[in-house]
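Here's the structure, in structure tokens; my notes come after.
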Amino acid sequence: NDMRVYWNEGLRLDSNNGAFKLKIGGRIQNDWGFFGEGDDIQSSIGDSMDGTEFRRARFFVGGTFYENFEFKAQYDFEDGVADWKDVWMSAKNVPYFGTLKVGHFKEPFGLEQLTSSKDINFMERSTADTLVPSRNTGIAFSNSAANKRLAYSAGLFRETGAFGESQSDSGSMNVTGRISGVPLWNEDGDHYLHLGAAASFKNIDAAYTPGTEAEAHMAQDLVGVTGLAADNTKLYGAEVAYVRGPFSAQSEYILADIDALSGSKDATFDAYYLMGSYFITGEHRRYKLGSGVFDKIRPKRNFGFGEDGGPGAWELLIRYSQIDLEDSGYTGGELTDLTLGVNWHLNPNMKVMLNYIHGELEDGLLGVGEEDDIDYIMTRFQVTW
């Protein structure tokens with residue numbers, strides 16, 4: 001009946017027989033932003049103000065009961081509001097299904113989206129993530145095969161708000177699934193190829209209004225669709241990632257096919273990104289077999305002062321992304337971003353990030369036939385446990 005309390009990159013409490021395990025953790029991300037926008041953007045849309053924010057301040061408790069049942073309750077204090085992020089319960093080792101999960105969690109779609117915000121390479125996910133579903137309330141299964149080198153999951157979700165609530169006779173229901181595989185994998189886990197695909201059918205029956213800023217959370221939106229009443233949306237995603245030692249490359253393509261309600265025109269929007277990463281200190285991006293997502297970085301030598309200290313892990317990054325929200329007369333805009341980044345992983349729990357973003361905007365909230373540029377500098381100080 002006794003519990004063992006210990007630290008393993010977070011606070012852990014385990015029963016002696018291993019049947020009960022608890023984890024208490026969280027993350028703090030303090031961001032600073034400096035924004036420069038062209039004269040046309042400033043006069044037509046407005047001027048993004050320099051500043052700072054706590055991008056995420058999350059706390060959670062999770063664990064395992066009776067070996068086969070898991071739960072997690074995670075809360076985020078963001079934008080002056082405390083809301084749910086992951087609140088779910090699950091059963092493991094279910095015949096044929098693997099793990100069954102019910103609650104409020106991410107729909108299984110997208111490598112970048114499913115990789116935790118504390119482990120993504122850049123401060124913000126790419127503009128392509130605008131078209132990708134995130135957290136909703138539902139029930140899903142996930143499983144793996146071929147020594148966890150093949151992972152697959154699917155679920156039924158109801159479109160909900162931040163607190164996982166939705167009540168209406170015509171509530172939006174989503175069916176979403178993803179499959180990923182690792183056809184190339186070495187025993188050291190530092191040379192592998194990831195391939196994946198996902199699809200989602202979303203019954204909307206309401207306005208469809210995707211929009212985004214230029215990959216900087218504190219900045220203003222630059223593109224966005226208006227006047228599109230959607231019956232349903234079919235989403236398709238393709239993903240690839242390659243890691244060889246300190247070098248990695250990653251890309252995703254997202255297609256949104258919208259069937260409009262009477263009075264609106266059907267439309268097709270798409271987005272993609274290409275990115276590269278290199279660790280000058282020799283580390284590699286770690287991968288979670290059986291889940292098909294990336295894991296946290298563990299430096300070869302944690303940063304510290306004195307003879308026993310090391311440099312931490314230093315990562316250089318580049319990303320090119322584009323989102324096109326123009327089709328069938330809808331002028332949501334086209335935004336192209338080039339982002340350069342440097343990450344300093346002091347240890348497995350602490351990271352400092354620096355991003356420079358150059359974006360080029362056509363149409364969108366700027367106006368039809370208009371073009372202008374943006375230049376942003378962002379930095380983040382992150383701690384997780």
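Residues that satisfy the side-chain contact (heavy atoms from CB on, under 4.5 Å) test with L114, not counting sequence neighbours, are K106, R178, V293. Evaluation of the salt bridge (charged side-chain N to carboxylate O under 4.0 Å, His left out) rule for D363 yields no partner, not counting sequence neighbours. Contacts of L156 classified as side-chain contact (heavy atoms from CB on, under 4.5 Å), with partners at least two apart in sequence or in another chain: M173, V175. Every side-chain contact (heavy atoms from CB on, under 4.5 Å) that T137 has, sequence neighbours left out, goes to H104, T160. Under the salt bridge (charged side-chain N to carboxylate O under 4.0 Å, His left out) criterion, D270 pairs with no residue, sequence neighbours left out. Listed by chain and number, the residues in a side-chain contact (heavy atoms from CB on, under 4.5 Å) with A271 are A128, L131, I323 (sequence neighbours excluded).
Ring centroids of Y356 and Y376 are separated by 6.0 Å or more, keeping the two rings apart.
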Report all side-chain donor-acceptor pairs from residues 222-236 shorter than 3.5 Å, counting only partners two or more places apart or in another chain.
unit_1 : atom_1 : unit_2 : atom_2 : d
K234   : NZ     : D259   : OD2    : 2.7

Could you pull out all donor-acceptor pairs under 3.5 Å where a side-chain atom in residues 61-72 meets a protein atom, sequence neighbours excluded?
unit_1 : atom_1 : unit_2 : atom_2 : d
N68    : OD1    : N93    : ND2    : 2.7

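For the salt bridge (charged side-chain N to carboxylate O under 4.0 Å, His left out) condition, no pair includes a residue of residues 241-257, sequence neighbours left out. Counting only residues at least two apart or in different chains, salt bridge (charged side-chain N to carboxylate O under 4.0 Å, His left out) contacts with residues 131-154 comprise D86-R135. Within the structure, the salt bridge (charged side-chain N to carboxylate O under 4.0 Å, His left out) test picks out the following pairs touching residues 289-308 (sequence neighbours left out): E9-K296, E9-R298, R286-D295. Sorted by first and then second residue, the pairs that involve residues 375-385 and meet salt bridge (charged side-chain N to carboxylate O under 4.0 Å, His left out), not counting sequence neighbours, are D31-R380, E124-R380.
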